[in-house]
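Hydrogens, waters and symmetry mates are skipped; everything else that's a heavy atom, side chains included, is used.
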Amino acid sequence: MSERIAFAFAGAVVRPIMNAIMGKTWLKTDRLPDGGFIACPNHCTEIDPLVVGHMLYNLGRPPHFLAKAGLFKPPVLGRVMKGTKQIPVDRSGAGAGTSLEVAREVLDEGGAILIYPEGTLTRDPDLWPMKGHTGAARLALKTGAPVVPIAHWGAQEVFPRYAKRFHVWPRKRVRVIVGEPVDLSEFEGRPLDKSTLVAATEKIMGAITALLAELRGEEPPARRWDPSAHQQSLHGRDVARGTNPSKGAAANDGGIPA
């Protein structure tokens with residue numbers, strides 16, 4: 001299955017659904033670079049990948065996601081995943097070389113790689129971006145690809161965090177805004193050690209948070225939410241479906257393994 005055919009198939013299924021369940025406003029899309037780039041959005045509901053992916057696909061920049069290696073094994077889904085050149089990630093780290101190789105191919109071909117630096121749905125009770133993982137920064141500094149911060153707001157009303165069902169009536173509208181590429185030039189040539197990656201990641205998270213504050217018309221918290229400081233899990237669902245996440249508090253892990 002060719003990449004074009006695979007994306008056309010996926011788009012034919014997803015786009016009508018997205019158009020049916022919500023309205024959309026896309027802002028500052030002219031900021032997307034011409035070549036390959038890493039898109040880094042905020043993460044507040046399980047349908048985030050569809051929201052941001054829909055925008056990128058409609059703008060002629062089909063999204064490439066980091067996905068669990070197991071998703072490439074089923075015959076039909078595996079063909080679609082491989083055909084659209086999604087990036088397999090093995091949490092054990094055994095396939096890190098393959099992940100980086102596919103990511104480089106996507107970027108060299110002018111593609112968009114979508115990475116959620118938070119790694120999972122934000123644990124922040126008010127849905128502000130929380131502390132990020134370093135995968136996006138690592139990939140950017142290894143490849144030289146620009147990092148484009150993206151923020152969206154409104155999708156959480158259609159499918160609230162950890163919800164059991166969609167809320168499509170009355171009709172909701174999601175707004176997505178694209179930021180200027182994050183300037184990571186100060187980190188070029190430095191060792192990719194923890195301090196470098198954490199500092200670069202914080203700069204990325206700061207750009208995402210500023211965009212979300214612009215969309216919400218609110219001031220973000222002075223201190224970014226840190227799940228470990230609140231004895232919360234760093235991956236997966238933090239509370240049971242149907243409970244209030246503020247009382248308990250596809251996703252990818254935020255980056256390609258080192």
Side-chain angles (χ1 to χ4, degrees), residues 10 13-27 39-58 63 65-68 71 114-133 149-179 205 208-221 223-254:
V13 173
V14 175
R15 283 203 294 179
I17 296 174
M18 297 301 293
N19 288 330
I21 65 175
M22 67 181 73
K24 56 187 182 295
T25 299
W26 296 332
L27 306 168
C40 289
N42 61 308
H43 202 7
C44 59
T45 170
E46 287 96 331
I47 64 171
D48 290 351
L50 297 178
V51 170
V52 179
H54 184 199
M55 179 200 71
L56 293 174
Y57 183 85
N58 269 34
F65 296 89
L66 303 186
K68 295 177 183 178
L71 295 177
L114 202 154
I115 298 179
Y116 287 90
E118 293 168 271
T120 190
L121 299 181
T122 180
R123 309 306 195 203
D124 185 279
D126 294 319
L127 303 183
W128 289 101
M130 63 177 181
K131 183 178 179 180
H133 294 285
I150 296 175
H152 60 86
W153 193 243
Q156 78 284 351
E157 296 180 358
V158 179
F159 195 82
R161 180 178 54 174
Y162 310 122
K164 293 182 177 181
R165 62 184 179 87
F166 286 86
H167 301 266
V168 299
W169 189 260
R171 186 172 173 80
K172 315 297 192 303
R173 176 168 293 274
V174 61
R175 293 177 296 149
V176 184
I177 185 170
V178 178
M205 295 309 302
I208 297 170
T209 303
L211 287 173
L212 185 58
E214 182 179 343
L215 280 184
R216 293 175 60 166
E218 302 172 11
E219 282 294 317
R223 181 184 293 272
R224 202 175 311 287
W225 188 271
D226 183 353
S228 61
H230 296 270
Q231 293 75 52
Q232 294 173 313
S233 61
L234 298 180
H235 296 288
R237 188 175 298 133
D238 186 57
V239 298
R241 281 193 182 278
T243 63
N244 185 341
S246 66
K247 293 181 180 178
N252 75 54
D253 68 354

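Looking at heavy atoms from C-beta onward, I208 lies out of side-chain contact with E118 at the 4.5 angstrom threshold.
No more than 12 heavy atoms of other residues, nucleotides or ligands shown are found within 6.0 angstrom of CZ on R223.
Shown here are the side-chain contact (heavy atoms from CB on, under 4.5 Å) partners of A213, two or more places apart in sequence or in another chain: W128, P220. Listed by chain and number, the residues in a salt bridge (Lys or Arg N to Asp or Glu O under 4.0 Å) with K131 are D226 (sequence neighbours excluded). Listed by chain and number, the residues in a salt bridge (Lys or Arg N to Asp or Glu O under 4.0 Å) with R175 amount to none (sequence neighbours excluded). Looking at residues two or more places apart in sequence or on another chain, you find a side-chain hydrogen bond (donor to acceptor under 3.5 Å, both in side chains) between N19 and K24.
Smallest separation of non-hydrogen atoms from A151 and L215: O-CD1, 3.5 Å. Nearest approach of P227 to R123, heavy atoms of both residues: CG-CG, 3.8 Å. For the pair P49 and H43, the tightest heavy-atom approach, listed with the atom from each and the gap, is CD-CE1, 4.4 Å. Taking each heavy atom of C44 and L121 in turn, the nearest pair found is C-CD2, 3.9 Å. In this structure, P129 and M205 approach most closely via the heavy-atom pair CB-CE, 3.7 Å. Across all non-hydrogen atoms, the minimal contact from L114 to G53 is CD1-N, 4.3 Å.
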Next item on the list: Check step by step if side-chain contact (heavy atoms from CB on, under 4.5 Å) holds for E46 and Y162.
Entry: CA-CA 8 Å; E46 287 96 331; Y162 310 122; 4.0 Å; yes
Check: Should M22 and I47 be marked as a side-chain contact (heavy atoms from CB on, under 4.5 Å) after you check the CA-CA gap, both sets of side-chain angles, and the distance that decides it?
Finding: CA-CA 12 Å; M22 67 181 73; I47 64 171; 3.8 Å; yes
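Between the side chain of R161 and the main chain of T45, no donor-acceptor pair closer than 3.5 Å is present. For the pair N42 (side chain) and H152 (backbone), a donor-acceptor distance under 3.5 Å is present.
The salt bridge (charged side-chain N to carboxylate O under 4.0 Å, His left out) contacts involving residues 208-219 comprise R216-E218, where partners must be two or more places apart or lie in separate chains.
In this structure, D48 CG and I150 CD1 are separated by 11.5 Å, a value rounded to the nearest 0.5 Å. Rounding to the nearest 0.5 angstrom, the gap separating the NE2 atom in H54 from the CH2 atom in W26 is 4.5 Å. From T122, atom OG1 reaches atom CE of M130 across 5.0 Å, with rounding to the nearest 0.5 Å.
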Enumerate, atom names and distances included, each donor-acceptor pair closer than 3.5 Å involving a side-chain atom of residues 153-160, sequence neighbours excluded.
| unit_1 | atom_1 | unit_2 | atom_2 | d |
| --- | --- | --- | --- | --- |
| Q156 | OE1 | G154 | N | 2.9 |

